[in-house]
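Each ligand, and each atom within it, is numbered from 1 in the order the structure gives. Side chains are part of it too, since the values below use all heavy atoms of this structure and drop only hydrogens, waters and symmetry mates. If you're wondering where the values come from, they're calculated on a predicted model, not measured in any experiment.
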Amino acid sequence: MDGGFDIERARKETRGCEQRIHFNNAGASLMPAPVADSLHAYLREEEESGGYETMDRRAEDLGTFYVAAARLLNCTADEIAFADSATRAWNAAFYAFELKPGDQVLAGSAEYGSNLVAMLHRAKRTGAEIVWVPNDTLGRIDVAALERLITPRVRMICLTHSPSGDGLINPAADVGMRARAAGIPYLLDACQSIGQLPLDVETLGCDILCGTGRKYLRGPRGTGLLYVRQRLLDQLEPNQLNHHAAELSSTSSYRLRQDAKRFECWERNYAGQVALGVAIDYALGWGLARIEARVKTLAVELRRQLAETGGIRVGDQGDEKSGIVTFFSDRNPSAELHRKLRGHNINTSTVPFSANPVIAAQRQLPEMVRASLHYYNTFEEVDRFVDNLQKLL
Ligand SMILES: Cc1ncc(COP(=O)(O)O)c(C=O)c1O
């Protein structure tokens, strides 16, 4: 036990953590054994008895994903779609909104680079305008400024809850209150917060939420999810359709599905869908509030030790901070530190411009190292990490 947290069990069920310090959970977490085992077992069944036959036999397990995701987010299973990444989920929803010249999309500066590309793409094609909501002095979206920017021209509000390359957590629920009051659809990118923080779409007030499987949810790569509020679902026709999203009633007509699966494709990563369901149930078993508390405590300790290390500057903004810890050295390029740490079996990543380009352009900081912690990491690993880092400076 570590502060009431069963760290022995968490590590025993994380086979990869014995050989390395894995501080790249915001990239892709180490899968826990039950998740990896379920993925392997499904693939073995496909190998032995065929993909379609396995799909039929495992229909209940495939359905478990929707039920688990609905429990995680406090919505109904019909409001959940499986996606193969957060990007696919976000794009599927974003491109479904009709935009015309003069329309505005309000966005926070934490937006992920891929979302920004899609926004620029649509602005170019439709004549709509992307309006960046200013930050407050702590780097969070300024909710009062957002409120002032709301006019009849605003078609949607986009926010990244927790950016890819910054420990910042945006006040997503405050934004949700303003969006609801104004009746404007609210799209929340929860890619880094899902699995790390408790997320309740009613409290958050978001109409759409996207997440990925492989990061804090500890699912496999190539998995993600999309939540769409039923009320909005009725109004959103996906930009691309297929014969799973819509039913052909004749050769000249189709009927859209009523649920969020209208954003899915029939052919998808079935093994991944089952394993993501297991990962979500596994996270729920630990409890999201307990996960959040442990992740935040570990990150606070890492930031404290980094701040006391000469020549290191911590980059994270906000008051409430996530398990993502960013820093840079006065002397050593971040790419070099990242590479050398990897040589010592310590996994981190760097923060490219494309992670959160608007923040990067605003802050003009050098490239940073990102050390992202999860609950199965330990305080002893934090000490060893800082020790190794100091030797590289
Ligand atoms: C905030 C944020 N949004 C979206 C994404 C995209 O996720 P995916 O790679 O699953 O499409 C990432 C990935 O790093 C991210 O950090």
Side-chain angles (χ1 to χ4, degrees), residues 23-29 31 65 69 81-95 107-121 139-141 157-172 175 186-197 199 204 206 208-227 263-265 268-269 272-273 275-276 279-280 295 315-318 321-326 338 347-360 367-374:
F23 283 1
N24 191 15
N25 295 291
S29 280
M31 273 186 278
F65 156 74
F82 177 78
D84 53 18
S85 69
T87 300
R88 285 256 197 244
W90 194 93
N91 278 350
F94 180 69
Y95 278 84
S109 64
E111 212 56 69
Y112 183 60
S114 176
N115 302 352
L116 173 56
V117 171
M119 285 176 181
L120 296 174
H121 182 227
R140 304 170 304 185
I141 188 166
I157 297 172
C158 298
L159 182 72
T160 289
H161 195 186
S162 178
S164 185
D166 193 313
L168 172 78
I169 299 175
N170 266 314
V175 170
Y186 172 28
L187 195 173
L188 185 66
D189 178 336
C191 188
Q192 293 293 358
S193 52
I194 197 164
Q196 178 177 183
L197 310 176
L199 299 181
L204 290 165
C206 59
I208 301 168
L209 180 148
C210 72
T212 206
R214 71 181 183 281
K215 296 180 188 288
Y216 279 90
L217 276 177
R218 306 186 68 193
R221 295 199 69 171
T223 65
L225 64 85
L226 175 67
Y227 153 78
F263 288 99
E264 288 182 349
C265 247
R268 56 187 186 274
N269 179 357
Q273 181 172 324
L276 181 56
I280 294 172
V295 169
D316 304 317
Q317 306 182 93
K321 296 190 180 72
S322 73
I324 295 177
V325 179
T326 57
H338 160 70
N347 295 344
T348 60
S349 67
T350 52
V351 181
F353 176 74
S354 63
N356 25 245
V358 182
I359 291 182
E367 187 179 48
M368 294 195 280
V369 180
R370 179 181 71 178
S372 44
L373 311 177
H374 216 325

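Side chains of Leu188 and Leu204 form a contact here, defined as non-hydrogen atoms less than 4.5 Å apart.
The CD1 atom of Ile194 sits 4.5 Å away from the CG atom of Leu225 when rounded to the nearest 0.5 Å.
Between Gln196 and Ser322, the shortest heavy-atom contact is OE1-CB, 3.3 Å.
An N or O contact shorter than 3.5 Å links Thr87 to ligand 1 by distance. For ligand 1, one of its N or O atoms has an N or O atom of Ala86 under 3.5 Å away.
In terms of protein heavy-atom proximity, atom 16 (O) of ligand 1 is closest to Gln192 NE2, 2.9 Å. Looking only at protein heavy atoms, the nearest one to atom 3 (N) of ligand 1 is Asp189 OD2, 2.7 Å. In this structure, the protein non-hydrogen atom closest to atom 10 (O) of ligand 1 is Thr212 OG1, 2.6 Å. Among protein heavy atoms, atom 14 (O) of ligand 1 sits closest to Lys215 NZ, 2.9 Å.
At a heavy-atom cutoff of 4.0 Å, ligand 1 is contacted by the side chain of Thr160 but not by its backbone. Residue-level proximity to ligand 1 for Arg214 is carried by the side chain, the only part with a heavy atom below 4.0 angstrom. With a heavy-atom cut-off of 4.0 Å, Ser164 touches ligand 1 through backbone and side chain alike.
Here Thr212 pairs with Arg214 under the side-chain hydrogen bond (donor to acceptor under 3.5 Å, both in side chains) rule; sequence neighbours left out.
No more than 12 heavy atoms of other residues, nucleotides or ligands lie within 6.0 Å of CZ in Arg88, so this atom counts as exposed by the packing criterion.
Residue pairs meeting the salt bridge (charged side-chain N to carboxylate O under 4.0 Å, His left out) criterion with at least one member in residues 348-360: none, sequence neighbours excluded.
In this model, a donor atom of one side chain and an acceptor atom of the other lie less than 3.5 Å apart for Asp189 and Asn115.
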